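This report concerns only the one structure given below.
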Amino acid sequence: MKNTGTKLILLHPSIHKQGTIAGAHRTWLLIFVTIFTFAFTFTLITTKNTLSTAAATAADTAVSSPLPKPAFDALLHYASLSTSNSTAASRMSATELKTIAAVLRRCPAPCNFLVFGLTHETLLWNSLNLNGKTIFVDESAYFVSKLEEKHPHIEAYDVQFTTKVSELYELLEHSKEQLRNECRPVQNLLFSECKLAINDLPNHVYDMGWDVILVDGPRGFFPTAPGRMSAIFTAGVLARSKRGKGSNTHVFVHEIGREVERVCSEEFLCGENLVESINDSLGHFVVKSRDANKFEFCSNSSSSLSSSPTSYRDD
């Protein structure tokens, strides 16, 4: 007999349920992996930025930090001993070195220090102003190139001076005639046609606010030597044209007992700004910046370096 019974196929509901649960698990796993990946990436980026910021801050702190006092004192001590044992007339005495060094030590970091003249003290000045900006200007392209060859980290420029010691009073007369024009006390010397102006240095030299300026060059001990008329005039203009950090500029003139240095300091740095004189050899002036509409270097035209040094207060 032929069996014609109906076959019944039963579908267990747990089969569909298991597939649904498995899909839900995959969805949650995908969500978890996505969240974890996002969190890991975010943490990596923020940690990298934090480390970069910390490194930059540390670098900035290192750059702006002055030379540690023990190292500063040691350099000055040995330089002073070397000076004491030297018979060279052009070298600074221990007292002169300490006077300039004291100002550099007080100078807010980073200190901007401009030096006219490459001398025995060049490496000392550059070292004492560690992490500051020190620039040297000299009349000799040969000496500048040799310095850069031996010490490539030192910034120095040569200038072709067109002045002569024997032309001192002619140049002073020219500066008085041009006092309201090319030889005015507040200006950008890059564009000046004053015969006493040094106008062929790189642009950034004129844009910087100089905290300390030392005039210890060029040569000035014979009639045809360039003399320091231009260096002193330029120092006076840079100090009065200073903008930004602090309004005072400390200007030192070495060998101020000589005629050119004394007369030009009286004319462009002014006796009223003299705060210290060391053995009639080093003059220390503190020159304040001023408005461009002032057309005199000295407030008191009759002031001279023989007057008593005035007291001053740093900014």
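Computed from a predicted structure; not experimentally measured. The figures that follow rest on heavy atoms only: side chains count, while hydrogens, waters and symmetry mates do not.
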Q | Flag if over 12 foreign heavy atoms under 6.0 Å of CZ, Phe161 | A | yes
Q.
Take a 6.0 Å sphere around CZ of Phe222 and say whether it holds more than 12 heavy atoms from other residues, nucleotides or ligands.
A. yes
Tell me, which pairs form a disulfide (SG to SG under 2.5 Å) where one or both residues lie in [range], sequence neighbours left out?
| range | result |
| --- | --- |
| residues 206-238 | none |
| residues 126-159 | none |
| residues 130-176 | none |

Is it the case that one hydrophobic cluster holds both [X] and [Y], taking links as side-chain heavy atoms less than 4.5 Å apart, direct or via other members?
| X | Y | value |
| --- | --- | --- |
| Phe191 | Phe295 | no |
| Leu201 | Val186 | no |
| Phe221 | Tyr169 | no |

Q: Sequence neighbours left out, what pairs pass salt bridge (charged side-chain N to carboxylate O under 4.0 Å, His left out) with at least one residue falling in residues 95-105?
A: Asp73-Arg105
Q: May I have all residue pairs that pass salt bridge (charged side-chain N to carboxylate O under 4.0 Å, His left out) and include part of residues 162-181, sequence neighbours excluded?
A: none
Just by modelled atom types, is the [Y] backbone N or O under 3.5 Å from a matching donor or acceptor in the [X] side chain?
| X | Y | value |
| --- | --- | --- |
| Glu272 | Ser299 | yes |
| Lys133 | Pro110 | no |
| Asp138 | Ser140 | yes |
| Thr122 | Thr119 | yes |
| Thr234 | Ala231 | no |
| Asn112 | Gly209 | yes |
| Asp291 | Asn293 | no |
| Glu193 | Glu182 | no |
| Thr163 | Pro226 | yes |
| Arg184 | Asn181 | yes |

(Q) Going by ring-ring contact (aromatic ring centres under 6.0 Å, His included), name the pairs with one or both residues in residues 223-245, residues two or more places apart or in two chains. (A) Phe233-Phe268, Phe233-Phe297
Starting at [atom1] of [X], measure out to [atom2] of [Y] and round the result to the nearest 0.5 Å.
| X | Y | atom1 | atom2 | result |
| --- | --- | --- | --- | --- |
| Asp216 | Ile100 | CG | CD1 | 7.5 Å |
| Ile256 | Asn279 | CD1 | CG | 12.5 Å |
| Asn248 | Cys107 | CG | SG | 11.5 Å |
| Ile278 | His254 | CD1 | NE2 | 11.0 Å |
| Leu114 | Leu214 | CG | CG | 9.0 Å |
| Glu276 | Leu282 | CD | CG | 7.5 Å |

Q: Would you sort out whether Lys242 and Asp211 count as a side chain to side chain contact (heavy atoms under 4.5 Å, CB included), showing the intermediate values?
A: CA-CA 9 Å; Lys242 182 181 180 182; Asp211 301 302; 3.1 Å; yes
Identify the two heavy atoms, one from [X] and one from [Y], that lie closest to each other, and give their separation to 0.1 Å.
| X | Y | value |
| --- | --- | --- |
| Leu269 | Gly236 | CD2-CA, 3.9 Å |
| Cys264 | Ile232 | O-CG2, 3.6 Å |
| Leu196 | Met229 | CD2-CB, 3.6 Å |
| Gly283 | Leu274 | CA-CD1, 4.2 Å |
| Glu148 | Ile154 | CG-O, 4.4 Å |
| Ala101 | Leu128 | CB-CD1, 3.9 Å |

Q.
Parallel, tilted or perpendicular: which one describes the rings of Phe252 and His250, with boundaries at 30° and 60°?
A. parallel
Q: If a pair satisfies side-chain hydrogen bond (donor to acceptor under 3.5 Å, both in side chains) and one of its residues is in residues 219-232, list it, with sequence neighbours excluded.
A: Glu139-Arg219, Arg228-Glu255
Q) Can you list every pair that meets side-chain hydrogen bond (donor to acceptor under 3.5 Å, both in side chains) and has a residue in residues 195-210, with sequence neighbours left out? A) Glu155-His204
**Q.** Non-neighbouring partners of Cys183 that pass disulfide bond (SG atoms under 2.5 Å apart), sequence neighbours left out
**A.** Cys194
(Q) If the condition is side-chain contact (heavy atoms from CB on, under 4.5 Å), which residues does Asn129 pass it with, not counting sequence neighbours? (A) Cys111, Phe113, Thr134
Q. Mind checking what makes side-chain contact (heavy atoms from CB on, under 4.5 Å) contact with Arg262, not counting sequence neighbours?
A. Glu259, Glu266, Leu305
Q: Could you give me the CA-CA distance, side-chain angles and deciding distance for Val144 and Leu118, then say whether side chain to side chain contact (heavy atoms under 4.5 Å, CB included) is met?
A: CA-CA 8 Å; Val144 169; Leu118 295 179; 4.0 Å; yes
**Q.** Partners passing side chain to side chain donor-acceptor pair (under 3.5 Å) against Ser192 (at least two apart in sequence or in another chain)
**A.** Gln187
Q: List the steps and the verdict of side chain to side chain contact (heavy atoms under 4.5 Å, CB included) for His153 and His151.
A: CA-CA 5 Å; His153 61 285; His151 307 281; 3.7 Å; yes
